[in-house]
Each structure stands twice: as C-alpha cells, then as structure tokens.
Amino acid sequence: MLDLQKIRADFPILSQKVNGKPLVYFDNGATSQKPQVVIDAIAKYYQEINANIHRGVHTLSQLATDAYELSRGKIQHHINAKHAHEVLFTSGTTHGVNLVANGFASLLKSGDEVLVSALEHHSNIVPWQMLCERTGASLKVIPMNEKGELILSVFDELLSEKTKIVTVNHISNALGTINPIKYIIDKAHEFDAVVFIDGAQAVPHLKPDVQALDCDFYAFSGHKMCGPTGTGILYGKEAWLNKLPPYQGGGEMIKEVTFEKTTYADLPHKFEAGTPNIAGGIVLGTAVDYMNEIGFENIQAQELALLEYGTQRLSEIEGLRIYGTSENKTSVISFNIDGIHPYDIGTIIDKLGIAVRTGHHCAQPIMNFFEIPGTIRASFSFYNTKEEIDSLVEAVKKAKMMLS
Ligand SMILES: *Cc1c(COP(=O)(O)O)cnc(C)c1O
C-alpha cells in the first residue's frame with residue numbers, strides 16, 4: 001500500500017485551500033499536479049545548465065544536450081521503444097497527432113479510409129478529418145455501446161483493403177474506458193493499416209510497452225503524468241518515421257541547406273525543428289522517474305480502490321447516473337444528476353473547494369451519443385484519498401439540494 005501522507009507531501013499544491021476549503025483536486029484527467037522534484041528540476045535547469053542544445057561546443061550546451069538526450073533514453077526505456085530515435089519530443093499529444101496526420105497527406109488518396117473511434121478526444125478526430133479533406137480519403141467511425149465500449153464486431157466489418165489508418169485512444173478521457181488496443185492493432189495489421197494510439201489518458205496509469213503492443217505510433221502528453229505542460233512524446237516505428245516527411249522546417253532538422261535543395265537530418269532531429277522546450281523535455285524524464293519510484297502497480301491499486309469506492313458512494317445519490325460503465329476502466333467517474341445541468345453542480349462544488357471538470361471534455365460525439373450537454377467528471381490520481389471522495393459526495397448532495 002502507498003504511504004499517502006508521504007506522497008501527498010510531495011505535491012505542495014494539495015495542501016492549499018481554495019475558496020477557504022481544503023482543495024480536493026479531482027481534475028487529473030485535464031492535468032495532473034506536479035511533485036516538488038519536478039518543480040525543483042525546472043528551477044535547477046535554469047539555475048545551472050540553461051543553454052541551447054545540439055549546437056554549441058561550450059560546456060553548458062553540452063550539459064543541456066546530455067540531459068535532454070538522457071531524458072529521451074529514460075522515456076525510451078519507460079515505453080520499451082526499440083530505439084531512442086523513435087522517441088520524438090513534442091509539445092503534447094495534440095502535436096503528435098498533427099505531426100502524423102500531416103505526414104500522411106502525401107500518402108493517402110481518394111477512396112482510402114481512416115478509421116477513428118467514437119470514443120475519441122477532439123484532438124484525435126479533427127487532424128484526421130483535416131487529412132481526409134485534403135486527400136479525399138473518408139473517415140469511418142468505430143461505434144460504441146451504452147457502456148462506453150467500442151463495438152468490435154463492427155470494427156471488424158469496417159476493416160478492409162481500403163483502411164489505411166486506424167486511430168484510437170488507449171483510454172477514453174471522458175468515460176475512462178480502457179480500449180482493447182492490442183486486438184485493434186493486430187486486426188488492423190492484418191489489412192496492413194497503420195495504427196495510431198492516443199495514449200494521453202493511459203500514461204498516468206500504466207506503462208505502455210510499444211513493442212509488445214506493436215502499434216505504429218503512440219502519442220502522449222507530459223502534463224497528465226506529473227510532468228510540465230508543453231511537453232509530450234510521439235513514439236513512431238523507425239520505418240514509418242523514415243517514410244513520413246518532416247512536419248515543420250527550420251533549424252535542427254536539416255543535414256544541409258542550399259537554396260536549390262535541403263536534405264533532412266536523421267531521426268529524431270528530422271521531426272524536431274527549432275529550439276524545443278528543453279527544460280520541459282529534461283523534466284519529463286524526472287516525472288517518469290518519480291512515477292516509476294512510486295511504482296505503477298501501487299498507482300493502479302490505489303486508483304482502483306478509489307474508483308470502486310467512488311462508484312459505490314456516488315451511486316448512493318438518488319437520480320445520479322454514471323456514464324462509462326465498462327468493467328475495463330480507469331479512475332474516472334463521469335456523471336449527471338437528473339434534471340440538473342452539470343455546470344451548475346460544478347460551480348457550487350467549486351465553492352466547496354472541489355475541482356472537477358464539467359462539460360463535454362473535448363469529446364462532443366460521446367455527449368451526442370448519450371444526448372446530454374456534458375457531464376461532471378471526477379478523475380482520481382494515486383495521490384487522492386477516500387476522505388476526499390467523501391467530501392465530493394457531501395458536496396454533490398448539497399448542490400443537488402440547492403438546485404432541485
Ligand atoms: C488530453 C488529451 C488529449 C490532448 O492532449 P494535449 O495535452 O491537450 O495535447 C488527447 N487525447 C486524450 C485522450 C486526452 O485526454
């Protein structure tokens with residue numbers, strides 16, 4: 001079991017009061033809080049080694065480059081990528097999706113198909129839609145059922161020789177469903193389709209093994225896994241990264257530039273134009289170390305306990321409906337109360353110090369499926385407690401009384 005008191009002490013923000021009440025932070029699906037080691041590592045970088053990377057022969061530039069590449073190596077091992085150069089630093093999941101979707105513009109043609117799932121975040125829908133508009137390919141949707149699970153029999157039927165790309169999230173941000181991505185990857189590969197996995201909601205809870213999964217791309221954000229905002233990773237198989245054209249042109253991504261012809265740098269630099277978020281990239285490695293020290297088994301055990309307790313306690317409230325009831329889900333509870341707008345509940349419980357997300361969670365198609373404007377989403381992290389869930393339940397009961 002985790003020593004929660006000790007872990008909570010690692011996160012200075014958690015001991016704050018908000019609106020005069022102890023903060024209960026249940027918006028981890030939007031961004032996680034940061035432990036002191038991460039906050040300190042950012043300051044240390046700027047205090048001690050700040051310099052541009054891959055450019056100077058001077059000592060600080062070398063130190064900064066080494067730290068940046070060390071972090072890339074850590075992340076490579078964390079996700080079990082075969083090569084460090086398959087691990088690209090990005091500004092986040094959104095950047096990763098756009099990089100790949102843009103790259104396919106020259107590889108897709110009219111009549112090709114891109115399969116997305118009904119459970120996607122807008123950032124894993126819109127770039128593919130834009131790709132389809134540019135190329136004349138069509139977008140097909142893998143539907144979901146009432147429990148918030150993908151309907152695999154329909155997925156099987158949608159797959160054909162026309163399918164070029166299948167893109168699906170590992171875990172749904174709006175409902176918490178853990179998708180059967182291994183099945184999806186293997187099936188798609190039978191048709192030689194490329195598989196892109198949006199891992200934004202998975203990496204805070206588990207350690208993906210990209211080689212075991214055999215996915216072609218896997219993208220995630222640093223800020224949802226204890227790291228800084230504006231950081232992220234795009235993993236891509238070497239062969240695909242070599243095949244795709246660069247996303248942005250600029251410094252760092254070239255071998256040789258003349259006005260007649262420019263040749264591109266080798267991986268990973270081909271996709272890392274310009275000065276990146278150096279401090280962020282380095283500190284993302286610190287965040288990964290921190291989570292590994294706690295241990296993903298411990299993280300999962302604590303989060304599962306919170307999910308079970310939260311589901312049971314919230315279900316006591318009359319008129320409360322939970323959306324996303326798959327047996328395979330992470331510590332996310334999306335809910336509504338009969339006849340009350342989610343925004344109104346969110347506003348009242350904020351006054352009681354409780355931070356939840358209300359709205360469509362950048363997943364409007366899911367809200368349309370359930371014919372609701374949005375939900376209240378409580379997303380738990382390993383540093384949350386059962387006592388905090390009790391506070392949430394009391395607050396929701398109070399809000400319900402005030403509003404009905
Ligand atoms: C948060 C999230 C994204 C977008 O991540 P950014 O950090 O905003 O780029 C994409 N997909 C899912 C499932 C998410 O939860």
Side-chain angles (χ1 to χ4, degrees), residues 2 4-5 7-8 10-35 121 148 171-177 200-205 221 223-226 229 291 294 299-317 320-325 329-337 340-363 366 374-400:
L2 292 178
L4 275 180
Q5 217 171 343
I7 284 173
R8 288 178 68 81
D10 290 342
F11 293 82
I13 209 169
L14 296 179
S15 51
Q16 266 196 32
K17 288 201 166 159
V18 169
N19 294 323
K21 307 279 185 207
L23 169 66
V24 172
Y25 187 76
F26 283 162
D27 196 16
N28 296 287
T31 198
S32 74
Q33 294 303 344
K34 321 302 171 201
H121 186 285
I171 294 178
S172 153
N173 65 305
L175 305 179
T177 315
Q201 290 295 333
V203 291
H205 309 291
S221 302
H223 69 94
K224 291 176 179 170
M225 58 178 310
C226 297
T229 52
M291 294 196 77
I294 291 177
I299 287 172
Q300 279 165 17
Q302 169 66 4
E303 290 174 345
L304 184 65
L306 292 171
L307 174 65
E308 282 173 357
Y309 185 69
T311 305
Q312 178 215 322
R313 289 285 343 257
L314 283 167
S315 304
E316 287 168 13
I317 300 173
L320 186 143
R321 171 172 175 195
I322 293 174
Y323 300 89
T325 50
K329 66 178 276 192
T330 45
S331 47
V332 171
I333 304 180
S334 242
F335 64 94
N336 269 332
I337 294 180
I340 304 179
H341 198 283
Y343 179 81
D344 295 334
I345 304 251
T347 309
I348 291 177
I349 70 175
D350 172 58
K351 296 279 178 290
L352 302 168
I354 295 168
V356 290
R357 169 109 341 179
T358 62
H360 54 61
H361 319 296
C362 300
I366 299 180
T375 69
I376 301 151
R377 181 187 69 183
S379 47
F380 312 128
S381 179
F382 58 89
Y383 46 65
N384 289 126
T385 66
K386 289 186 178 172
E387 290 71 31
E388 289 180 307
I389 290 176
D390 291 337
S391 302
L392 169 71
V393 171
E394 286 319 303
V396 171
K397 283 182 179 167
K398 200 177 255 180
K400 186 189 163 200

| query | With a 4.5 Å heavy-atom cut-off, do Arg377 and Ile333 have their side chains touching? | reply | no
| request: Would you confirm whether Thr358, through its side chain, and Pro342, through its main-chain N or O, come within 3.5 Å as a donor-acceptor pair? | output: no
| field | Lys400 side, atom NZ; Ile345 side, atom CD1 - distance, nearest 0.5 Å | value | 9.0 Å
| Short question: side chain of Lys329, backbone of Gly324 - any donor-acceptor pair under 3.5 Å? | yes
| Checking Tyr323 side chain against Ile366 main chain: does a donor-acceptor pair fall under 3.5 Å? | no
| query | Atom CG in Asp27, atom CZ in Arg357: separation rounded to 0.5 Å? | reply | 4.5 Å
| query | Just by modelled atom types, is the Tyr25 backbone N or O under 3.5 Å from a matching donor or acceptor in the Asn384 side chain? | reply | yes
| Any Val332 side-chain heavy atom under 4.5 Å of Leu175 side chain | no
| request: Check whether any side-chain heavy atom of Phe380 lies under 4.5 Å from a side-chain heavy atom of Glu388, and answer yes or no. | output: no
| note | Closest non-hydrogen contact found for Val396 with Ile349 is N-CG2, 4.0 Å
| task | Enter the distance from Gln302:CD to Thr385:OG1 here, rounded to the nearest 0.5 Å. | result | 8.0 Å
| said: Could you report the tightest heavy-atom contact between Asp344 and Ile340, atom names first, then the distance? | reply: CB-CG2, 4.5 Å
| request: Ignoring hydrogens and angles, tell me if any N or O in the side chain of Arg8 forms a donor-acceptor pair with the backbone of Tyr383 under 3.5 Å. | output: yes
| remark: For Thr177 and Gly148 the tightest heavy-atom approach is OG1-O, 2.7 Å
| What distance separates Ile7 CD1 from Ile294 CD1, expressed to the nearest 0.5 Å? | 4.5 Å
| request: Measure the shortest side-chain to side-chain distance between Val393 and Ile317 over non-hydrogen atoms and say whether it is less than 4.5 angstrom. | output: yes
| Rounded to the nearest 0.5 Å, how far does CD1 of Ile354 lie from CD1 of Ile389? | 11.0 Å
| request: Please say whether more than 12 non-hydrogen atoms of neighbouring residues, nucleotides or ligands are located less than 6.0 Å from NZ in Lys397. | output: yes
| said: For the CD atom on Glu316, are there more than 12 heavy atoms of other groups (residues, nucleotides or ligands in this structure) within a distance under 6.0 Å? | reply: yes
| note | Contacts of Asp10 meeting salt bridge (charged side-chain N to carboxylate O under 4.0 Å, His left out) (sequence neighbours excluded), chain-then-number -> none
| said: Do Ser32 and His223 have side chains that approach each other closer than 4.5 Å (heavy atoms only, starting at C-beta)? | reply: no
| Going by heavy atoms in the side chains, are Thr325 and Thr311 under 4.5 Å from each other? | no
| task | Please report the closest heavy-atom contact between Ile171 and Gly176, naming both atoms and the distance. | result | CG2-O, 3.7 Å
| request: Find out whether Glu303 and Pro204 are in side-chain contact, i.e. whether some heavy atom of one side chain is under 4.5 Å from a heavy atom of the other. | output: no
| message | Measuring only between side-chain heavy atoms, which start at C-beta, is Gln201 closer than 4.5 Å to Thr330? | response | no
| request: Please list, chain by chain and in numerical order, all residues satisfying ring-ring contact (aromatic ring centres under 6.0 Å, His included) with Phe335, sequence neighbours excluded. | output: none
| query | Do any N or O atoms from the side chain of Asn336 and from the backbone of Arg321 form a donor-acceptor pair under 3.5 angstrom? | reply | no
| request: Look only at the side chain of Glu394 and the backbone of Ser391, and say whether a donor-acceptor pair between them is shorter than 3.5 Å. | output: no
| said: Whether the side chain of His341 engages the backbone of Tyr343 through a donor-acceptor N/O pair (distance < 3.5 Å, no angle test) should be reported. | reply: yes
| query | Shortest non-hydrogen contact from His205 to Gln300? | reply | O-NE2, 2.9 Å
| task | Could you pull out the closest heavy-atom pair between His361 and Ser334, with the gap in Å? | result | NE2-OG, 4.1 Å
| query | About how many Å separate NE2 of His121 and NE2 of His360, when rounded to the nearest 0.5 Å? | reply | 9.5 Å
